[in-house]
Amino acid sequence: MANKFFRDVLTPSATTETAIYTVPAANAATVSSLRVTNRNASSATLDVKLYPAGGATGYSLLKSYVLPTNATMDVFSGVPLNMEETDVLKVTSSVATVDFVISYLEMDRN
């Protein structure tokens with residue numbers, strides 16, 4: 001059973017819900033941080049959803065949050081999110097100049 005720390009980055013297209021992380025099969029994960037920075041000249045509206053087991057129903061972790069110009073925030077505010085195998089975390093931004101940086105621990109269940 002191996003534990004590995006990872007970091008991924010994403011700058012999604014405007015208004016397009018995009019997967020930032022999917023837990024691999026036979027793994028679990030703990031997301032420690034999802035930092036978001038708005039580089040746009042205007043505010044951005046953000047959504048973050050968890051799709052358990054990659055299903056069609058998303059559960060809002062952040063909904064219609066307005067992030068001001070040149071601001072940075074952490075979606076989880078220091079409270080980690082535990083995810084199970086094949087869970088998917090998706091993000092949406094109203095503008096295309098918002099950067100998402102996710103930090104997580106992946107645990108192999110084999």
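Note that these values count all heavy atoms, side chains included, but never hydrogens, waters or copies made by symmetry. Since we're looking at a predicted model, the values are computed, not measured.
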Sidechain-backbone polar pair: Ser60 side chain, Leu62 backbone, donor-acceptor under 3.5 Å | no

Pairwise side-chain contact, Pro24 with Glu106, heavy-atom cut-off 4.5 Å (strictly under) = yes

Do Leu50 and Val88 have side chains that get closer than 4.5 Å, going by heavy atoms?
-> no

In this structure, OG1 of Thr11 is separated from CZ of Phe100 (nearest 0.5 Å) by 8.5 Å

Establish, from distance only, whether the side-chain atoms of Asp99 and Thr37 form a donor-acceptor pair under 3.5 Å.
-> no

What pair of heavy atoms forms the shortest contact from Pro12 to Val91, and how long is it?
-> CG-CG2, 4.3 Å

Dump the intermediate steps for side chain to side chain contact (heavy atoms under 4.5 Å, CB included) on Ile20 and Leu34, then the final yes or no.
-> CA-CA 10 Å; Ile20 190 168; Leu34 180 57; 3.8 Å; yes

Could you state the interatomic distance from CG (Asn3) to CG (Asp108), rounded to the nearest 0.5 Å?
-> 8.5 Å

Is there a side-chain contact between Arg35 and Phe76, using heavy atoms and a 4.5 Å cut-off?
-> no

With no hydrogens and no angle check, do the side chains of Thr92 and Asp47 hold a donor and an acceptor under 3.5 Å apart?
-> no

Can you find a heavy atom in the side chain of Asn40 that is under 4.5 Å from one in the side chain of Thr69?
-> no

Which distance, rounded to the nearest 0.5 Å, do you find between the OG1 of Thr22 and the NZ of Lys90?
-> 8.0 Å

What's the shortest heavy-atom distance between Ala14 and Ser94, and which atoms?
-> CB-O, 3.6 Å

Between Lys49 and Tyr59, is NZ or CZ placed under 6.0 angstrom from the six-membered ring centre and within 45° of the ring axis?
-> no

Hydrophobic cluster membership, Phe5 vs Met107, 4.5 Å side-chain cutoff | yes

Quick one: sort the Tyr104 and Phe6 rings into parallel, tilted or perpendicular, breaks at 30° and 60°.
-> parallel

Nearest heavy-atom approach of Ser103 to Arg7 is OG-CG, 4.3 Å

Would you say Val36 and Leu46 make side-chain contact, with heavy atoms under 4.5 Å?
-> yes

Are the side chain of Glu85 and the backbone of Asn27 linked by a donor-acceptor contact shorter than 3.5 Å?
-> no

Atom of Asp87, atom of Pro52 and distance for their closest heavy-atom approach | OD1-CA, 3.3 Å

Is the closest side-chain heavy-atom distance between Leu81 and Leu61 below 4.5 Å?
-> yes

Minimal non-hydrogen separation, Asn38 against Leu67, with atom names | ND2-O, 3.1 Å

Please check if Val66 and Val98 belong to a single hydrophobic cluster, counting links between Ile, Leu, Val, Met, Phe, Trp and Tyr side chain heavy atoms closer than 4.5 Å.
-> no

Within a strict 4.5 Å, meaning less than it, do heavy atoms of the Tyr21 and Met83 side chains meet?
-> yes

For Ala44 and Val95, which heavy atoms make the closest approach, and how far apart are they?
-> CB-CG2, 3.6 Å

Taking the side chain as C-beta and beyond, is there a heavy-atom pair between Ile102 and Leu10 under 4.5 Å?
-> no

